[in-house]
Structure formats: structure tokens, C-alpha cells
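Chain A is the first sequence line, chain B the second, and so forth, proteins listed ahead of strands; every chain is numbered from 1. Note: hydrogens, waters and symmetry copies are ignored here, and every other heavy atom, side chains too, is used.
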Amino acid sequence: MTEPEPGDLRDEALEALVSRSAEQVRRLAARYGLEDRVDEVFQEVRIRLWRSGAGHGNLAEAPASYVYRTALSAAVDLLRRRRARRETPAKLERPSGEAVFGEAPPADASFEDRELGDLIEQEIDALAPDRAMVVRLHLAGYSREEIADLLSWTEPRTRHLIYRGLADLRERLRARGIGPEGPA
Amino acid sequence: MSDERLRLSYDRLLAVRAAMSSAREGCPEVDAMLEVLRREGTEDARLDLLDHIMACPFCQAEFALLKTAGTAQPPE
């Protein structure tokens, strides 16, 4: 198959399909400081779909799952390239939206806040491994359903471990003088 | 302590960690992250990998991107 010309990649139906599936990935990439390369990913998706025949009038026959697999494969290649170049994001927004690497720390991010973070980390490390894991996933913003899915656990087991893990963590923090509102 | 306060403190801890060092020597390969997403390997191995991924700001971001890229659904 010959290489696609730039004009070939502007197939309207192909563009619409890629744009729709790309929207969620674009938002996430921007949040995690990867937006500078995400256009590369979707240009690669277009090329791969074009090569598969999606740009030759066969788009309707391309299953949606193929587009997602192609997007995942292109994202994997992007991350490999970034690592090979030892690139790190210039800006890395944490899920809370309040903590951002690459910008001046917020005025209220005091030494006390950092100490509290270190204490929380130490106490998570001291939990039973399965409880520590679900607590980390929970604090990273993953839902109970996502955690169960990732770990191939049942929903009741996952719910119980999150509940017990957070209870253990709070108990350990209380024992170190950190109450419901933070350090005393 | 509320979930919100715990999350914010943990977020700030990871942001500080990212600012202090961008070394990736101990990070798993991208392929290993994919294996976690595909539920491949033993549960213990996946737990070990996830434990690192969730405690590392760079791996956490990469894992979230892979997870979303593999599951993004176009609107009906």
C-alpha cells in the first residue's frame, strides 16, 4: 500500500470518528501534561486507520473497538518515545486540581501540609498490602467499580477493603495526633 | 479526617515528590502497565506494580492515559 498523502487523511468520516473517540483522551492528556504530544498520537491513529482501509470508503465497516485499540497502541508508542527521550511533563496537574507540579506551590501548601502528606504515606505503607493498594487507588480518584475491575475483585470485597483500609488509616493517623480536621 | 482532605494531602505529597525528582529508574515498563490493564499476570504481581504506579506521580499519569485511551467511548 502506498503512503497516504496529507490530503488523504482529511477524510471527513475518518476525522469525525477519530475526533469523537479522542475527546476524552485529549482532556485527560491536558490534565496530565501530555497535551504537547497528543496531536502526534491522533495523527498516528489517522495514519493507522487509513492504512487499515478505513480511509478508502470502508470506514463504516471498521468496528469501534478497532479505533480504541489503535488509540491505545498509539498512546503506548507515545509513552515509549517520551521515556526514551527522558522527557517529563512540564506541568503535571494532580487529580484534585489544587496540587500542580511545574507551577509555584499554592500559598497554603505549608510545611505542615507536606509533613501531613509524609505521615499519610507512612501510615498507608504500614497497612496490610491489599488495604494499602485500594486506599492508594481510592485517593488517586479511582471509583470502587474501577478498582474492582482493575484487580478482578468482587464489588463486596472491594467495598470492604476500601472501608477497612480507610478506617485503619484514620485510626493510625489519630494515634499520631491527627484528628478529623487535620493536625492538632 | 475526610476523604477530601486525605486526597488533597496525598495529591500534594505526590506533587512535591514530582518536583523533587524526575528520575524513573524504579518505574515499570509501559508494557508492564498494559499487562495490569489487561489483568495479565498473577494478582500479587499486579498488586506490586499498582502499588508503585499509584505512589509515583509520573507512572500514575501514564497509567491514567493508557486506561482512558483504551476505554474512551465516543458519544452515541
Side-chain angles (χ1 to χ4, degrees), chain A residues 17 20-25 28-29 32-34 41 64 67-69 71-72 74-76 79-80 83 86 88-89 92 94-96 98-102 105 109 113-114 116-118 120-121 124 129-130 132-133 136-141 146 150-152 166 169-170 173 178-182, chain B residues 1-24 27-31 33-34 36-40 42-44 46-76:
Chain A
L17 183 64
R20 284 201 309 269
S21 59
E23 189 56 36
Q24 194 177 349
V25 178
L28 194 81
Y32 284 115
L34 294 163
V41 170
V67 179
Y68 310 139
R69 284 200 303 276
L72 178 59
V76 167
L79 295 180
R80 285 184 181 137
R83 285 192 180 198
R86 297 180 182 278
T88 52
L92 186 64
R94 303 294 314 141
S96 71
E98 292 192 40
V100 180
F101 161 53
D113 283 323
R114 293 198 294 275
L116 178 58
D118 286 337
I120 290 171
E121 174 78 352
I124 291 174
D130 51 359
M133 186 67 263
R136 286 191 199 284
L137 284 160
H138 177 76
L139 295 184
E146 286 177 306
L150 266 177
L151 299 172
S152 302
L166 287 171
L169 176 60
R170 290 191 173 103
L173 290 172
I178 300 167
E181 301 307 319
Chain B
M1 186 181 294
S2 68
D3 267 22
E4 190 181 346
R5 183 74 201 274
L6 278 172
R7 279 193 170 125
L8 178 58
S9 297
Y10 195 67
D11 262 11
R12 286 181 173 167
L13 169 72
L14 294 192
V16 168
R17 191 173 285 170
M20 290 174 68
S21 172
S22 59
R24 306 288 308 269
C27 295
E29 296 294 327
V30 177
D31 288 326
M33 290 194 198
L34 269 182
V36 173
L37 276 176
R38 291 171 177 156
R39 291 95 177 150
E40 294 172 355
T42 65
E43 183 176 305
D44 283 349
R46 283 186 284 136
L47 282 174
D48 279 348
L49 280 172
L50 272 172
D51 198 49
H52 171 89
I53 291 166
M54 290 302 133
C56 169
F58 302 111
C59 286
Q60 201 185 97
E62 291 180 348
F63 186 76
L65 184 71
L66 290 177
K67 185 174 183 297
T68 304
T71 59
Q73 297 288 325
E76 295 298 327

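Top candidate by heavy-atom pairs under 4.5 Å with chain B, chosen from Asp130(A), Leu137(A), Ile124(A), is Leu137(A).
By the neighbour-count criterion of 12 heavy atoms within 6.0 Å, atom CD of Glu29(B) is sparsely surrounded, having that number or fewer from other residues, nucleotides or ligands.
Residue contact with chain B, scored on non-hydrogen atoms closer than 4.5 Å, involves the side chain of Ile120(A) exclusively. For Leu173(A), the part lying near chain B is the side chain, with the backbone staying farther off; criterion is any non-hydrogen pair under 4.5 Å. Asp3(B) touches chain A through backbone and side chain together, each having a heavy atom under 4.5 Å away.
The two residues His138(A) and Arg7(B) come nearest to each other via the heavy atoms O-NH2, 2.8 Å. The nearest pair of heavy atoms linking Glu146(A) to Gly141(A) is OE1-O, 4.3 Å. Taking both residues in full, the closest heavy atoms of Met33(B) and Ile53(B) are given as CG-CD1, 3.9 Å, listed atom of the first, atom of the second, then distance.
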